[in-house]
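I have placed the structure first, in the form of structure tokens, so that the comments after it can refer back to it.
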Amino acid sequence: MRAKKTATPALRHDWKENLRHVERNLDRMVATIRELVEIESPSDNKPAVDGIAQFLTAKFEALGGQTQFHRSADFGDSLQIDFPSPASDRKPVLLLGHYDTVYPLGTLAKMPCKIENGRLLGPGVLDMKSGIALILHAIEALQTGHGALPRPVTVFLVSDEEVGSRSSRKITEGLAKKSAGVLVLEPAAGLRGAVKTARKGVGEYTLRVQGIAAHAGLDPGKGHSAILELARQLQVIAKLNNLRSGMSVNPGVITGGTRSNVVAAEAQAVIDVRIKMAGQARSIDRKLHSLKPFDKHCKLQLSGGINRLPMERTSGVAALYKKAQAIAKDVNWKLEEAAVGGGSDGNFTAGMGIPTLDGLGGVGEGAHAIHEYIVISELPRRALLLAGLIENV
Ligand SMILES: [Zn+2]
């Protein structure tokens, strides 16, 4: 027998058997994802989000998980599931996901969950109900392969990721602190299924302008238009874009005014901000706060801030990616990495210095869009990669 050097020795014996196990169970995994997609769970509908949490509780308990809810009055409850491993003295690994989606109730009627050309379509299928199903099936595969989990595992599924994770962030950070590493089941980057080793930081600001109303016909000179002032401010804000340094600002929503014949007394813009490095947070914040009105009769008021600092590719992140690559290589899979513009709860944990690997979920396209789908044939090796990482982090 020839001994081959590998970075994942613990996994080697079970590897092929694990793959067979998940392949044999592919139909069941697809069925699990369908069940989850067919329970609509928009972030802003607490009863709906709590409903899917309840459904998942039963699924995880069937695998021996110990479930507990973290209650929230304003958002859905978040669900923590612990899988102890009494025979192991290793630190737990933390698996992170979210069961809220961006789709309002009723979306399923126009965007039904269905299989077409090897793809599974539906609201939230990619972001990230397939990720939750991968957690369930990876844990099951490990239990089948080993008789028990090789180390303690904590799963934390949050209810409000799509709206900034305000109710769950502290809990995520507390659990991460106790863990050897964090695996985030957000969608993979692109159809090649790259994992995410860097993410931009994200912020949102609202700039309100208060002007002075007047009749546009009778008293045009008396008014001070909040809309005109806002338009001038937006020109300044647009100049803050610096794509080379990875910083971008996007006034994505503007509102203001009441009627065409009234000089507008109020206008506002909601501005999305992305940063590549933590240090840019303060600089963009300072620049936005130093905006001054062009029209002295108008007042500016800025609210908001940076919500998630960037997930930078630290040495801990790089080391996790290396482990993932080694696991993938065993099944001739050249696992790629990517840096992406969107933030996730992985930004929080990576920002604390906990090794974090993101984008371990489904492979597909169209997150948050009408054509959202995952590629079904990618699921087995994703489940296997997750199982291998749980074992080897
Ligand atoms: Zn997501």
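One-based numbering, in listed order, for ligands and for the atoms of each. Just so you know, residue 1 is the first one in the sequence shown, and it goes up from there.
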Salt-bridge criterion met for E116 and K114 (N-O under 4.0 Å)
yes
Would you indicate whether the side-chain heavy atoms of F156 and I171 approach each other to under 4.5 Å?
yes
Looking at D127, the N/O/S atom that lies nearest to the Zn ion (ligand 1) is called OD1
Using 4.0 Å as the upper bound for N to carboxylate O, is an ion pair formed by E312 and R199?
no
Could you confirm whether E162 has any N/O/S atom lying under 2.8 Å from the Zn ion (ligand 1)?
no
Using the Zn ion (ligand 1) as the apex, give the angle to atoms OE2 (E186) and NE2 (H98), rounded to 10 degrees.
80°
Is any N, O or S atom of E161 under 2.8 Å away from the Zn ion (ligand 1)?
no
Could you tell me whether R166 and D74 have a side-chain N and a carboxylate O separated by less than 4.0 Å?
no
